[in-house]
Amino acid sequence: MKSNTIRKVAIVGYNRIPFARANTAYASVGNQEMMTAALNGLINKYDLKGKLLGEVAGGAVIKHTYDNNLIRECVMKTSLDPATPACDLQQACDTGIESAIYIANKIALGQIESGIAGGVDSISDMPIAVSEKLRKVLLEARQAKSLGGKIKTFLKLRPKDLSPLVPKNEESQTGLSMGGHTEITAKYYKISREDQDAFALKSHLNMAKAYDEGFFDDMITPFNGLEKDNNLRRDSTIEKLASLKPAFDRVNGTLTAGNSTPLTDGASCILLASEEWAKEQGLPILAYITFAEIAAIEYVKNQHNLLLAPVFAASRMLEKAALTLQDFDFYEIHEAFAAQTLATLKIWESPELSAEIGLKKPLGAIDRTKLNVKGSSLAAAHPFAATGGRIIGVMAKLLNQKGSGKGFISICAAGGQGVTMIIEK
């Protein structure tokens, strides 16, 4: 196979564990246990036991120092051939989809025949660090030659230095959380509380219906006593959502716990392959990854921009694919917050807003009956690195069930970044 021969990349499998709100069903487990469970479910489902794959790629946004080789450690705990290599990637909430692009590119170039892409995150098992002063004292004490020298070093500590440091859910460039930024986005683009709540309700209703229809039956491996996503609210109503208090701007805010994703634990993965490998293994080709684009946006001066980079990724990707935004049978747009998704749609629909943000032209409106038809992140919740695998799996199954068509995926991420992808059947 020549390296300059571009091959089609097939999606041939998917699996995840149920997603759980932080400090609930998965409070006693961590990244390795969750990712290994998702991988084992995939391996069992597609008869991969003992198989040597080209590579497994994935990662976690939040992990301990002992997880520095996370995906390789997880592979070694599965029944895959231990000679299967693995690597860690991290791009905030884009981690899962970026891992899929990484594996897909290697398959397309003929470097590997098959691979798994995925992601995992545990907020419940969040690493806790020591203060900078304590860290320096511990290092200095280790170098001391005598017990007296060690004691003298430790006497430099004060009670405040012993306080643990928990990772902050905020942008280091601005000091604002994602929710804080998106509150600014909602105000800037005039996204109403009513529209956000209605959008969130639709996500829950769509996912509840999908569960009832059995759509997720072959997509999820039960884990740690959980069989379904425990963030799903079947009994949610507009009245209940309207009763919730603002979560970020408590005086004038519109973002609530109901129209925002909660902190979540979970893991997901997808199996990618060349057409030849899939046929040799007797695996069905669900769909193909055909285009993908990454973009970033300035969000420090323009703090309303944080989660809007996909507007640029989509524009560039569609131009390369010679497609319009209206050429798709399904749309999967990650719902980090209802306001973020609605702002993205509003920009695409408005010539003025598109021009203001720097797009050559507006991409136009989409048929919203084709958007997140099985529910998305507001219902399933959002373990940062695991969302990409969940969304790609859902899109691949939708297209495979239809038997043809095109799917558009968009995922925003911290750091003002975003990825879009086209999947075709």
Side-chain angles (χ1 to χ4, degrees), residues 13-17 19 22 26-44 48-107 111-130 135 138-139 165-167 221 223-224 264-273 294 383-390 392 413-415 417 419:
Y14 41 66
N15 191 61
R16 68 179 178 94
I17 59 173
F19 291 172
Y26 304 155
S28 61
V29 297
N31 286 333
Q32 288 195 30
E33 292 94 335
M34 291 192 295
M35 191 72 241
T36 301
L39 289 170
N40 278 331
L42 188 79
I43 292 163
N44 294 335
L48 301 177
K49 186 176 181 180
K51 291 280 185 4
L52 175 63
L53 302 186
E55 191 168 3
V56 179
V61 176
I62 299 173
K63 60 183 184 179
H64 293 272
T65 54
Y66 55 71
D67 279 338
N68 66 319
N69 203 15
L70 173 63
I71 303 302
R72 175 60 178 162
E73 294 293 334
C74 294
V75 167
M76 291 298 292
K77 292 178 179 179
T78 71
S79 57
L80 286 175
D81 187 322
T84 299
C87 78
D88 282 22
L89 301 175
Q90 201 268 58
Q91 195 178 69
C93 309
D94 288 337
T95 298
I97 193 169
E98 268 292 278
S99 298
I101 294 169
Y102 171 88
I103 293 293
N105 283 340
K106 287 196 169 188
I107 293 170
Q111 296 174 358
I112 61 176
E113 294 297 319
S114 61
I116 296 173
V120 59
D121 261 300
S122 172
I123 302 299
S124 300
D125 188 33
M126 187 176 290
I128 298 176
V130 299
R135 187 185 72 85
L138 289 172
L139 291 174
L165 298 179
V166 178
T221 299
F223 177 64
N224 217 44
T264 318
D265 305 331
S268 69
C269 52
I270 58 170
L271 177 61
L272 303 176
I294 178 74
F384 305 130
T387 288
R390 178 189 67 76
I392 292 172
Q417 300 191 97
V419 177

What pair of heavy atoms forms the shortest contact from [X] to [Y], and how long is it?
X: F19; Y: G266; answer: CD2-CA, 3.9 Å
X: Q91; Y: I294; answer: OE1-CD1, 3.3 Å
X: I17; Y: A38; answer: CG2-N, 4.0 Å
X: N15; Y: G41; answer: ND2-CA, 3.4 Å
X: S79; Y: N40; answer: N-OD1, 4.1 Å
X: A57; Y: L89; answer: CB-CD1, 4.3 Å

Exercise for the section: Could you note down all residue pairs passing ring pair (Phe, Tyr, Trp, His ring centres under 6.0 Å) where residues 57-84 supplies at least one of them, sequence neighbours left out? Expected result: H64-Y66

What distance separates [X] [atom1] from [Y] [atom2], expressed to the nearest 0.5 Å?
X: S114; Y: L52; atom1: OG; atom2: CG; result: 7.5 Å
X: Q90; Y: L70; atom1: CD; atom2: CG; result: 11.5 Å
X: I270; Y: I97; atom1: CD1; atom2: CD1; result: 8.5 Å
X: I107; Y: L272; atom1: CD1; atom2: CG; result: 5.0 Å
X: Q32; Y: D67; atom1: CD; atom2: CG; result: 5.0 Å
X: C74; Y: L39; atom1: SG; atom2: CG; result: 6.5 Å

Fill in the blank from the handout: With sequence neighbours left out, the residues meeting side chain to side chain donor-acceptor pair (under 3.5 Å) with E33 are none

Would you mind reporting whether [Y] and [X] have side-chain heavy atoms less than 4.5 Å apart?
X: T84; Y: V56; answer: yes
X: N31; Y: D125; answer: no
X: D121; Y: T95; answer: no
X: S122; Y: D265; answer: yes
X: C93; Y: Q417; answer: no
X: I62; Y: I123; answer: yes

Problem - Within 6.0 Å of NZ in K51, more than 12 heavy atoms from elsewhere - result: yes

Practice task
With sequence neighbours excluded, tell me which residues meet ring-ring contact (aromatic ring centres under 6.0 Å, His included) with Y26.
Solution key: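 So Y26 forms a ring-ring contact (aromatic ring centres under 6.0 Å, His included) with F223.
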
Handout entry: Test item: S268 side-chain N/O and A386 main-chain N/O as donor-acceptor pair under 3.5 Å
Key = yes

Problem - Audit row: K49, N44, side chain to side chain contact (heavy atoms under 4.5 Å, CB included) steps and yes/no - result: CA-CA 7 Å; K49 186 176 181 180; N44 294 335; 5.8 Å; no

Practice task
Quick one: which residue pairs count as a salt bridge (charged side-chain N to carboxylate O under 4.0 Å, His left out) with a foot in residues 55-64, not counting sequence neighbours?
Solution key: E55-K106, K63-D88

Handout entry: Pairs meeting criterion salt bridge (charged side-chain N to carboxylate O under 4.0 Å, His left out) with involvement of residues 68-78, two or more places apart
Key = none

Practice task
Sequence neighbours left out, what passes salt bridge (charged side-chain N to carboxylate O under 4.0 Å, His left out) with R390? Give chain and number order.
Solution key: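 Per chain and number, R390 pairs via salt bridge (charged side-chain N to carboxylate O under 4.0 Å, His left out) with no residue.
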
Practice task
Please assess I116 against I103 for the test side chain to side chain contact (heavy atoms under 4.5 Å, CB included), listing each intermediate value before the final yes or no.
Solution key: CA-CA 7 Å; I116 296 173; I103 293 293; over 6 Å; no

Practice task
Start with the C-alpha distance between L48 and L80, add both sets of side-chain angles, then the distance that settles side chain to side chain contact (heavy atoms under 4.5 Å, CB included), and finish with yes or no.
Solution key: CA-CA 7 Å; L48 301 177; L80 286 175; 4.1 Å; yes

Exercise for the section: Determine, step by step, whether N224 and S28 satisfy the side chain to side chain contact (heavy atoms under 4.5 Å, CB included) criterion, reporting the C-alpha distance in whole Å, the side-chain angles of both residues, the deciding distance to 0.1 Å, and the verdict. Expected result: CA-CA 9 Å; N224 217 44; S28 61; 4.1 Å; yes

